[in-house]
Amino acid sequence: MKLANLNPTAAPPDTKVASQTPAAAGSGKLRFFARGLVPYAYLSPTVILISVLMIVPIAMVVSYSFKDNVIVEENPVLVGLANYTKVLTDPDFLVALKNTFVFITVSTVAHLVLGLTFALMLNTSLLGGVTKAVFRIIYILPWLFTVAVIAVIWRLLLDPSGVVNYLLTTVGRMQQGVDWLSDPGTALWALTFVNIWAGFPFFMISILAGLQGISSDLYEAASVDGAGAVRQFLNVTIPQLRPVLVSMAVLDLIWTSQQFALIWMTTGGGPLNATEMLSTYTYKQAFSSYEFATASASAVIVLLLSLVLAFFYVRLQKER
Amino acid sequence: MHTRKRRRLGAKIAVFTGLCLGAAFAGLPVLWMLSTSFKANGEVFQVPPRLVTENFSLEAYRSILGDPDKLRFFVNSYVVALSVTALTLFVAILAAYGFSRYEFPLKRSVNAVIISVQAVPPITLVIPYFGLVVALGLYNTYPGLILTHIVFTLPYAIIMMTAYFNTLPKELDESVKVDGASSWTALWRVLVPISVPGMIAVGVYTFMISWNEYLFALTLTRTDNMRTVPIGIQLLMGQHSYEWNQMMAMSILGSIPVLVLFLLFQRRFIGGLTSGAVKA
């Protein structure tokens, strides 16, 4: 969530809709002229909303990115690729790019590992249904809080005199408390940790659904062949889950690269630019420096990166 | 036989321990938030930290609920999230009906656009939205927020709703149409009433997205009387010298709608959500 959080979320591909094409096509052609306009009528509100709120704005931001002094002045002038050169040679942007890369890859790998581990434990036949249901609700908890709340919780926990530092100093691992989110050496890792905490439940839920979808025949066949628990996991569970794991990973890369609120409310991209990401960089260019043209160039770059990832996602879905 | 039983018990203990560790990781931060909301602000960082305070108090909640300025954040969030949910459901039902029951030349292209729209980053849209919303006179208004939230709730709502309609046999609406009714009647009189479970999943999801939205609420509103709960929590952080207990109380009050919706519709909701990611 946001859902995140903001969760522009899992996209089942068009196969579902396309699969019913052959059956309906025959009779549909005949009736097409009579009621050909009816489906468009049903889709018109959607088409209007998406055009006005998606296609027009994207065209606007692309055109802003080639101009100078947009929004703040009446008559912006075309400057070609100047904004792009400015952004791509800005050391702050390059730091943001690097931080975003670290943030999204570490988060995604950790989400996969935690999600898979918890899902496997929750799927066990060793424990009763009620016990598992209680654990499942606890595990989903982090996902139910909005990013603003998550930011507040972890600012409290990671405060220099907060409970995390208390535990670490008492157990004796550390001499004194660390200001995790304000120390340039730890801020990016602390932020990534918070994001891992906030995001693993969605992985867990999806993987759990995937696990429950694996036919028990496959496990029986494997055990007849003498495969132990480890071999069963490697030869049955992982191959069966692979499509879910891969598409969740790509989706997570997309979502995490778009994360703004969590960063903005915990570190604001600081200290210095230790946690500056593409999203906070773009936001600051626009709404702190009022450099809407450079911000637009940066926003278009972010869009292109997302589209590349989305392209992979769609390709993966088509292969299946 | 005996060793086998013992081994099973060993595995049981191992899994249970693992689950408890995971539950501590997932649940303790939430528990700590709850506990802090019942403390006096001076006790928040007391050493050693205590999960249950001696001076249990509802003072933090009282000061949030007794402050009309803070209640206003909740009113705003409800107005926006409920309007977004109603509008999204209405538009998504129409679109899903078109997708589920008709064949038409542009079907695949429109569908592809709806799917790819989900990959567009909010940060890319916020700059032109700012320009558009100001130009249309919607800056710092409910409609400005509602319209921009819909962009992010609509695509998935259409996809989920189409999948739901696809599970319902076409004969249902065809049988009504044979009696001379229009497709509009078939949709609202026959399909919608039996689609309530699907609509609940979509509605809960939409409400959650809108209730939690942060970036647009931050940039497209200006005055405190238009701010939503997530921004309100952030404002509380800057206002006075950190009132941690109030921040936690506000966070909990702000999370209650989503928590309640989730607990009530858990099964349906998870089912609807994962069917997309898993079966796709």
Side-chain angles (χ1 to χ4, degrees), chain A residues 1-2 6-14 17 24-25 28 39 42-43 45-46 53-54 57 60-61 71 118 121 124 126 135 138-139 141-142 144-149 152-153 156-157 161 163 166 205-206 209-210 244 254 258 260-261 265 279 282 286 292 295-296 299 302-303 306 310 317, chain B residues 11-12 15 18-19 22-23 26-27 29-30 33 45 49 91 94-95 97-99 102-104 108 110-112 115-119 121-125 127-129 131 147 150-152 156 159 163 183 209 212 214-215 219 230 233-234 244 247 251 255 258-259 262 270 274 276-278 280:
Chain A
M1 159 205 212
K2 226 158 170 138
L6 268 166
N7 277 5
T9 182
D14 40 3
V17 188
Y42 281 113
L43 281 168
T46 304
L53 294 168
M54 194 57 83
M60 284 168 74
V61 77
I71 295 187
F118 292 157
M121 291 196 299
T124 178
L126 294 164
F135 275 118
I138 298 176
Y139 281 33
L141 273 179
L144 296 179
F145 293 96
T146 175
V147 175
V149 173
V152 172
I153 296 181
L156 172 70
L157 292 168
S161 43
V163 70
Y166 172 81
I205 298 170
S206 303
V244 180
I254 299 177
Q258 299 177 353
F260 168 79
M265 292 190 65
S279 58
T282 309
F292 286 102
S296 298
V302 176
L303 174 67
S306 284
Q317 297 285 3
Chain B
K12 215 172 175 173
V15 169
L19 279 173
V30 177
M33 162 171 75
F45 291 119
V91 177
L94 294 182
Y97 187 70
F99 275 128
Y102 293 91
E103 292 306 320
F104 48 97
R108 296 205 64 162
V110 177
N111 196 45
I115 289 169
S116 44
V117 150
Q118 297 179 96
I123 194 75
T124 303
L125 293 172
I127 299 164
Y129 277 180
L147 280 175
I150 284 180
V151 185
F152 290 94
Y156 199 67
I159 291 164
S183 62
I209 298 271
N212 292 342
Y214 177 83
L215 179 61
T219 36
I233 294 171
Q234 190 203 12
W244 286 106
M247 274 155 58
S251 296
S255 305
V258 171
L259 286 175
F262 180 79
I270 290 182
T274 49
V278 178

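Below, all heavy atoms of this structure are taken into account, side chains as well, without hydrogens, waters or symmetry copies. Bear in mind that the values here come from a model prediction, so they are computed numbers and not experimental data. Below, chain A is the first sequence line, B the second, and so on; all start at residue 1.
- Contacts of B:Thr124 classified as side chain to side chain donor-acceptor pair (under 3.5 Å), with partners at least two apart in sequence or in another chain: none.
- For A:Phe260, the part lying near chain B is the side chain, with the backbone staying farther off; criterion is any non-hydrogen pair under 4.5 Å.
- Your options are A:Ser296, A:Ala148, A:Pro45, A:Ala299, and the one with the most heavy-atom pairs under 4.5 Å with chain B is A:Ala299.
- In this structure a side-chain-to-backbone donor-acceptor pair under 3.5 Å is missing from A:Tyr166 to B:Phe45.
- Your options are B:Val91, B:Val110, B:Ile123, B:Leu259, and the one with the most heavy-atom pairs under 4.5 Å with chain A is B:Ile123.
- Among all heavy-atom pairs drawn from A:Ile138 and B:Ala23, the shortest one is CG2-O, 3.7 Å.
- Closest approach of B:Ala119 and A:Ile254 over heavy atoms only: O-CG2, 4.5 Å.
- Both the backbone and the side chain of B:Val15 come within contact range of chain A, each with at least one heavy atom under 4.5 Å from a heavy atom of that chain.
- The aromatic rings of B:Tyr97 and A:Tyr42 lie perpendicular to each other, with more than 60° between the two planes, well past the 30° mark.
- Separating the CG atom in A:Leu43 from the OH atom in B:Tyr102 is a distance of 10.5 Å, to the nearest 0.5 Å.
- None of A:Ile153, A:Leu156, A:Val152, A:Leu157 except one satisfies the side chain to side chain contact (heavy atoms under 4.5 Å, CB included) rule with B:Met33; the exception is A:Ile153.
- With a threshold of 4.5 angstrom between heavy atoms, A:Ala261 approaches chain B through its backbone and through its side chain.
- Among B:Ser116, B:Pro230, B:Ala95, B:Pro49, the residue making the largest number of heavy-atom pairs under 4.5 Å with chain A is B:Pro49.
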Show, in sequence, the C-alpha distance, side-chain angles and deciding distance for A:Val147 and B:Tyr214, and conclude whether the side chain to side chain contact (heavy atoms under 4.5 Å, CB included) test is met. CA-CA 8 Å; A:Val147 175; B:Tyr214 177 83; 5.9 Å; no
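- Remark: B:Ile233 CD1 to A:Thr146 OG1 distance equals 6.5 Å, nearest 0.5 Å.
- Taking chain A as the reference chain and counting heavy-atom pairs below 4.5 Å, the highest number among B:Ala11, B:Gly18, B:Pro29 is found for B:Pro29.
- Residue contact with chain B, scored on non-hydrogen atoms closer than 4.5 Å, involves the side chain of A:Thr124 exclusively.
- Taking OG1 of A:Thr282 as the reference point, atom CD1 of B:Ile127 lies at 6.5 Å (rounded to 0.5 Å).
- The heavy-atom pair separating B:Val258 from A:Leu144 by the smallest distance is CG1-O, 3.6 Å.
- With sequence neighbours left out, the side chain to side chain donor-acceptor pair (under 3.5 Å) criterion links A:Ser306 to A:Gln258.
- Residue B:Phe104 comes nearest to A:Pro39 through the heavy atom pair CD2-CB, 3.4 Å, listed as atom of the first residue, atom of the second, then distance.
- Between chain A and the options B:Ser251, B:Ser255, B:Pro121, B:Gly98, heavy-atom pairs under 4.5 Å are most frequent for B:Pro121.
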